[in-house]
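Along the sequence shown, residues carry numbers from 1. The figures that follow rest on heavy atoms only: side chains count, while hydrogens, waters and symmetry mates do not.
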Amino acid sequence: MDVVAGITVAVVTVLVLVGGAVVAGFVVLFRRRGDRSVAASSSAFGFGSAPLDDLSARAGSLLVQMDDAVRKADDELGFALAQFGPEQSRDYGQAIALSRAKVAEAFRLRQQLDDGTPDSDREKREWTLQIIALCDQANTMLTQQDAAFAGRRRLEVSAAGTVTELRATVAAMHERLVATRTTLARLAAAYAPAALSGVSGNPDEAESALTEAMSAVDAAAPAITGTGVSAVSATLQQASQAARRAEVLLDAVDRTERDLDAAAKALAELREAARSDLVEAKAERDTAPDAETGRAIIDAMAAVDRSLAPHAGPTDPVADLDSIGAAISQLDLALASARNQTDRLSHARAAYAGTLVSAASQIAVVRELIGSRGGTVSARTRLAEAERQYALAQVETDPVAALDTVRRAVTLARDADALARFGD
């Protein structure tokens, strides 16, 4: 272990030097601000109102625990360096250095409490709360790193089994890939290219991801030993992530198939409802109370007629749902004064069903787009709001309000899609 100890000392020394500057600023900040920030943090955990004796006992116990934990972590770092190397152990070393500095600052505060200089009750409480907060922060950092390395070690120990599982997963994904290409070809024959734009390249991307996964597995396999010290966890994680990425891409094609089939069904029902609306609108047009109302009804009827016009070749049912829904919304507004409450609720229910399908499909597309390619904060914000409006629409008991809400979800989803594809 002499070599490991030497490496450990070297790494930790460097990290302490880096962390020292951070901690020095941390200490100065405490002193300049009257030690309020950490005290406030501890108060948030319910310690601020506790008796001082109880706080002091807790602080002393935490100091002992964390001093032992940092010492133990030093030993763990040596094992981590030997098993995973300096690069993979860097975060662990940094966490130890910062934790040690926090514990050192906590001991400094404890020394101020124990020295012969009289302290006010306020100072005693604030310094004690700081000790608790510092120990909690150090414990959180070490716990997170311990958990990460525990998971990595489990992966190392079971590396041989993981390789077998990943090979089986990649093989299954390759079989599924064939079926997905068939599905996409069928969808391409039935629907317009725009309806499939989000997933048309998924099979090729999935195949590339599977190739990456298998390459990583092949690279890891020769390095696996029976001792569990193989340093292949990062490579196996890369393989697992690539396989998962392929799965998500193939799932998106299946989801698109379901959404388009559902949209086609909803579209047929919405077309029928729109035709009924036109019949009603003709009667209201002929008995309109004034020319302005009559003109609004005529314009809205023309918009519905245009939305119902047949397309040449394959269609995009989601886009058609949006088009017909917008035209019906215009007609609803034109007929609002003529319809009674029962009619308004009935028409809102009919329009709601199709709009809900459209919202679900567009939200799913944007969610997958952001998940695979990333997105600006604006795109993510619009998506989150679209999802919220979609959820609200489903629990809204007033059909008219529910329709308005789900229409907002559609608009927000479109905005999010544009922002995700083209930026702010």
Margin query: Do Leu142 and Val70 make a side-chain contact, defined as non-hydrogen atoms from C-beta onward lying under 4.5 Å apart?
Written below: yes
Item checked: Interatomic distance, Thr256 atom OG1 to Leu184 atom CG [nearest 0.5 angstrom] -> 8.5 Å
Check: Is the backbone N or O of Val357 less than 3.5 Å from a side-chain atom of Ser361, with the two atoms forming a donor-acceptor pair by type?
Finding: no
Notebook entry, point to check: Taking Ser208 for the side chain and Glu205 for the main chain, is one N or O donor matched with an acceptor at less than 3.5 Å?
Noted result: no
Checklist line | Interatomic distance, Leu412 atom CG to Thr381 atom OG1 [nearest 0.5 angstrom] | finding: 10.5 Å
Check: Does any N or O in the side chain of Ser197 come within less than 3.5 Å of the main-chain N or O of Ala194, such that one atom is a donor and the other an acceptor?
Finding: yes
Note to self: Looking at every heavy atom in both Ala106 and Leu63, which two are closest together, and how far apart are they?
What the structure shows: CB-CD2, 3.6 Å
Check: Do the side chains of Val178 and His174 get nearer than 4.5 Å, heavy atoms only?
Finding: no
Next item on the list: Identify the two heavy atoms, one from Ala138 and one from Ser99, that lie closest to each other, and give their separation to 0.1 Å.
Entry: O-OG, 3.3 Å
Note to self: Between Leu177 and Leu250, is there a side-chain heavy-atom distance shorter than 4.5 Å?
What the structure shows: yes
Item checked: Inter-residue atom distance Asp277.CG - Asp332.CG, 0.5 Å rounding -> 6.5 Å
Checklist line | Check: Asp322/Gln362 side-chain N/O donor and acceptor closer than 3.5 Å | finding: yes
Checklist line | Residue pair Asp404, Arg408: steps toward the salt bridge (Lys or Arg N to Asp or Glu O under 4.0 Å) verdict | finding: CA-CA 6 Å; Asp404 289 342; Arg408 284 195 296 274; 5.6 Å; no
Next item on the list: Report yes or no: does Ser358 contribute a side-chain atom to a donor-acceptor pair with the main-chain N or O of Gly354 at less than 3.5 Å?
Entry: no
Check: Can any side-chain N or O of Ser329 pair as donor or acceptor with the backbone N or O of Gly325 at less than 3.5 Å?
Finding: no
Margin query: Are the side chains of Val170 and Arg167 in contact, using a 4.5 Å heavy-atom criterion?
Written below: no
Notebook entry, point to check: What heavy-atom pair brings Ala263 and Val318 nearest, and what distance separates the two atoms?
Noted result: CB-CG2, 3.9 Å
Check: For Arg186 and Thr183, does a side-chain donor sit closer than 3.5 Å to a side-chain acceptor?
Finding: no
Note to self: Would Asp417 and Arg382 count as a salt bridge (Lys or Arg N to Asp or Glu O under 4.0 Å) here? Give the steps.
What the structure shows: CA-CA 9 Å; Asp417 185 276; Arg382 299 296 193 286; over 6 Å; no
Checklist line | N/O donor-acceptor pair under 3.5 Å between Ser61 side chain and Ala57 backbone | finding: no
Next item on the list: Mind checking the CG-CD1 spacing from Leu267 to Ile324? Nearest 0.5 Å is all I need.
Entry: 5.0 Å
Note to self: What I'd like to find out is whether the side chain of Asp254 reaches to under 4.5 Å of the side chain of Arg176, using heavy atoms alone.
What the structure shows: yes
Next item on the list: Would you mind reporting whether Met66 and Leu134 have side-chain heavy atoms less than 4.5 Å apart?
Entry: no
Checklist line | Derivation of the salt bridge (Lys or Arg N to Asp or Glu O under 4.0 Å) call for Glu387 and Arg367 | finding: CA-CA 10 Å; Glu387 292 174 330; Arg367 188 186 301 118; 3.0 Å; yes
Margin query: Given 3.5 Å as the limit, does a donor-acceptor pair link the side chain of Ser56 with the main chain of Leu52, or not?
Written below: no
Next item on the list: Check the surroundings of atom CZ in Arg421: do more than 12 heavy atoms from other residues, nucleotides or ligands lie under 6.0 Å from it?
Entry: yes
Notebook entry, point to check: Can you find a heavy atom in the side chain of Arg181 that is under 4.5 Å from one in the side chain of Val253?
Noted result: no
Margin query: Give me the atom names and distance for the closest heavy-atom approach of Tyr352 to Gln394.
Written below: OH-CA, 3.5 Å
Margin query: Do the side chains of Asp251 and Arg255 get close enough for a salt bridge, i.e. N-O under 4.0 angstrom?
Written below: no
Item checked: Positive for side chain to side chain donor-acceptor pair (under 3.5 Å) with Tyr191, one of Thr315, Asp261, Asp316 -> Asp261
Notebook entry, point to check: Mind checking whether Val406 and Gln389 have side chains closer than 4.5 Å, heavy atoms only?
Noted result: no
Check: Under a 4.0 Å N-O cut-off, is there an ion pair linking Asp299 with Arg295?
Finding: yes
Check: Counting heavy atoms not belonging to Arg71, are there more than 12 under 6.0 Å from its CZ?
Finding: no
Next item on the list: Kindly indicate, with the supporting measurements, whether the criterion salt bridge (Lys or Arg N to Asp or Glu O under 4.0 Å) is fulfilled by Arg108 and Glu105.
Entry: CA-CA 5 Å; Arg108 184 193 68 80; Glu105 171 62 9; 2.7 Å; yes
Notebook entry, point to check: What is the distance from atom CG of Leu249 to atom CD of Glu207, rounded to the nearest 0.5 Å?
Noted result: 12.0 Å
Next item on the list: With rounding to the nearest 0.5 Å, note down the distance linking OG in Ser215 to CG in Leu210.
Entry: 10.5 Å
